[in-house]
Amino acid sequence: MLRHIARRLGSLHGQQIFNGLKGISPDQLLSKEIHRHLQSSLETISPISTTSLWPFSSQPRDFSQPNSSWSPEMRKVYDDYIGLCDTDSENGEKQKGPWRKLPSYNRSIKYATAGIHLSKLIQAKARLFTRNVKDQGATFEYVVFVNKEEKRCVCVFQAGHLLEGAPGHVHGGAIATIIDTVTGTLAGFLSGPIMTANLNIDYRSPMPLGSVVLIHSALDRIERKKTYITCKVTSTDESKLYTEATALFVSIGVGHLFGSRN
Ligand SMILES: CCCCCCCCCC(=O)SCCNC(=O)CCNC(=O)[C@H](O)C(C)(C)COP(=O)(O)OP(=O)(O)OC[C@H]1O[C@@H](n2cnc3c(N)ncnc32)[C@H](O)[C@@H]1OP(=O)(O)O
């Protein structure tokens with residue numbers, strides 16, 4: 001079964017996992033041995049900072065590209081950060097910038113289900129929570145820029161009209177969702193595969209629907225398997241504080257995703 005899973009992962013990562021499975025007899029497939037093989041195979045896989053985790057297509061759609069729903073404010077902040085990313089100079093040389101825009105896809109690996117077999121229907125329809133509404137601008141419009149050297153990231157987030165909680169304002173759960181996403185993206189970028197263990201949020205000011213805000217996340221510390229991230233949500237000029245948060249992410253082995261705690 002796991003050999004089949006590795007094949008279905010396809011492309012780069014699946015092939016690397018599959019190579020790690022060669023020579024394993026069928027009765028070993030569900031043993032602890034398999035988790036060790038998967039783990040050592042995954043150790044050869046580049047972290048998400050260098051390659052995409054997308055296993056289905058060589059050209060997935062990046063949902064964090066500008067679209068017509070973006071307000072001028074969203075577009076301006078995006079352009080400002082793009083200006084701080086790597087650029088190609090006129091003579092064709094790459095100029096290093098401190099920031100990097102991360103791509104954002106709307107699906108993840110469908111077999112990573114902690115051992116629960118998903119129906120074909122769910123496999124086909126599963127989508128990332130923050131990217132599952134087709135109507136552009138209706139929910140989460142966001143793009144994450146990461147600064148590897150400073151171990152921090154900034155997300156430019158435009159909160160759509162379907163995220164209403166208190167009248168005219170963004171739902172606290174939607175704010176928690178985008179904070180979990182951004183802090184989790186940074187933790188994953190720095191520490192590899194993680195899951196959220198704890199998220200503490202202080203809501204300081206109500207956020208009007210349609211707002212464009214910055215979500216600043218930074219590494220606090222790493223202790224063994226634990227990656228602690230701090231987070232502040234502000235207006236784009238940083239004069240107004242909307243939300244503060246701290247998050248703990250725990251590193252997981254591939255066995256955690258495939259149904260064991262190894
Ligand atoms: C592509 C787009 C990407 C977007 C990013 C999305 C990020 C979003 C990520 C999520 O939302 S994940 C979904 C929500 N999270 C979960 O469903 C996690 C469910 N919980 C678990 O699977 C496990 O409890 C968990 C992985 C969090 C911890 O696993 P273990 O309990 O096996 O951990 P372990 O026992 O090895 O503990 C490791 C350390 O973490 C500590 N720890 C674990 N859970 C903790 C907790 N809740 N609070 C504080 N400390 C905790 C634990 O005490 C220990 O500390 P020490 O190293 O000091 O001994």
Are Ile175 and Met207 close enough, and set up right, to give a side-chain contact (heavy atoms from CB on, under 4.5 Å), and what steps lead you there? CA-CA 9 Å; Ile175 296 170; Met207 187 186 293; 4.1 Å; yes
Hey, mind stepping through Thr243 and Ile201 against side-chain contact (heavy atoms from CB on, under 4.5 Å) and telling me if it holds? CA-CA 7 Å; Thr243 321; Ile201 300 182; 3.5 Å; yes
For the pair Gln158 and Ser211, evaluate side-chain hydrogen bond (donor to acceptor under 3.5 Å, both in side chains) and give the outcome as yes or no after the intermediate values. CA-CA 6 Å; Gln158 179 178 291; Ser211 295; over 6 Å; no
Take Met195 and His256 through the side-chain contact (heavy atoms from CB on, under 4.5 Å) test and state the conclusion after the steps. CA-CA 10 Å; Met195 284 190 92; His256 203 77; 3.8 Å; yes
Given side-chain contact (heavy atoms from CB on, under 4.5 Å), test Thr139 with Thr130 step by step and report yes or no. CA-CA 8 Å; Thr139 57; Thr130 50; over 6 Å; no
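For the pair Leu186/Val146, a side-chain contact is recorded, criterion being any heavy-atom separation below 4.5 Å from C-beta on. Using a 4.5 Å heavy-atom cutoff, the side chains of His161 and Leu163 are not in contact. Lys240 is listed as a side-chain neighbour of Tyr242, based on a closest heavy-atom distance under 4.5 Å. Between Gln65 and Lys101, the closest side-chain pair of non-hydrogen atoms falls below 4.5 Å. With contacts defined as side-chain heavy-atom distances shorter than 4.5 Å, the pair Thr234/Val213 does not qualify. Contact check for Val170 versus Leu209: side-chain heavy atoms found under the 4.5 Å cut-off. Looking at heavy atoms from C-beta onward, Ser68 lies in side-chain contact with Gln136 at the 4.5 angstrom threshold. Contact annotation: the side chain of Glu141 approaches that of Ser69 to within less than 4.5 Å [non-hydrogen atoms, C-beta and beyond].
Under a 4.0 Å N-O distance rule, the pair Arg221/Glu223 qualifies as a salt bridge.
In terms of heavy-atom proximity, Phe189 sits nearest to Lys148 at CE2-CG, 3.8 Å.
Annotation: the span from Cys231 atom SG to Asn200 atom CG amounts to 12.0 Å, rounded to 0.5 Å. We find the NZ-CG distance between Lys151 and Asp220 to be 13.0 Å, quoted to the nearest 0.5 Å. To the nearest 0.5 Å, atom NZ of residue Lys232 and atom OG of residue Ser217 are 11.0 Å apart. Atom CD1 of Ile229 is separated from atom OG of Ser191 by 7.0 Å, given to the nearest 0.5 angstrom. To the nearest 0.5 Å, atoms CZ (Phe249) and CG (Leu219) are separated by 11.5 Å. Interatomic distance, CD1 of Ile215 versus CZ of Phe157, reported as 6.0 Å (0.5 Å rounding).
Partners of Glu238 under the side-chain hydrogen bond (donor to acceptor under 3.5 Å, both in side chains) rule, at least two apart in sequence or in another chain, do not exist in this structure.
Distance alone, capped at 3.5 Å, is enough to place a donor-acceptor pair between the Asp62 side chain and the Ser104 backbone. When atom types are taken as modelled, the side chain of Asp202 and the backbone of Arg204 share no donor-acceptor pair closer than 3.5 angstrom. Formation of a donor-acceptor pair under 3.5 Å by the Ser205 side chain with backbone atoms of Leu241 is found in this model. The backbone N or O of Ala138 lies less than 3.5 Å from no partner atom in the side chain of Asp135, so there is not a single donor-acceptor pair. Within the 3.5 Å criterion, the main-chain N or O of Gly97 finds no donor-acceptor partner in the side chain of Arg100. Under a 3.5 Å cut-off, the side chain of Tyr203 and the backbone N or O of Gly172 do form a donor-acceptor pair.
No cation-pi contact links Arg107 to Tyr105, judged by a cut-off of 6.0 Å to the six-membered ring centre and 45° from its axis.
Applying the side chain to side chain donor-acceptor pair (under 3.5 Å) test between Thr196 and each of Thr181, Asp180, Thr183 identifies Asp180 as the sole match.
As a member of the Ile/Leu/Val/Met/Phe/Trp/Tyr network built from side-chain separations under 4.5 Å, Val77 groups with Trp70, Met74, Tyr78, Tyr81, Ile82, Leu84, Trp99, Val143, Phe145, Val154, Val156, Val212, Leu214.
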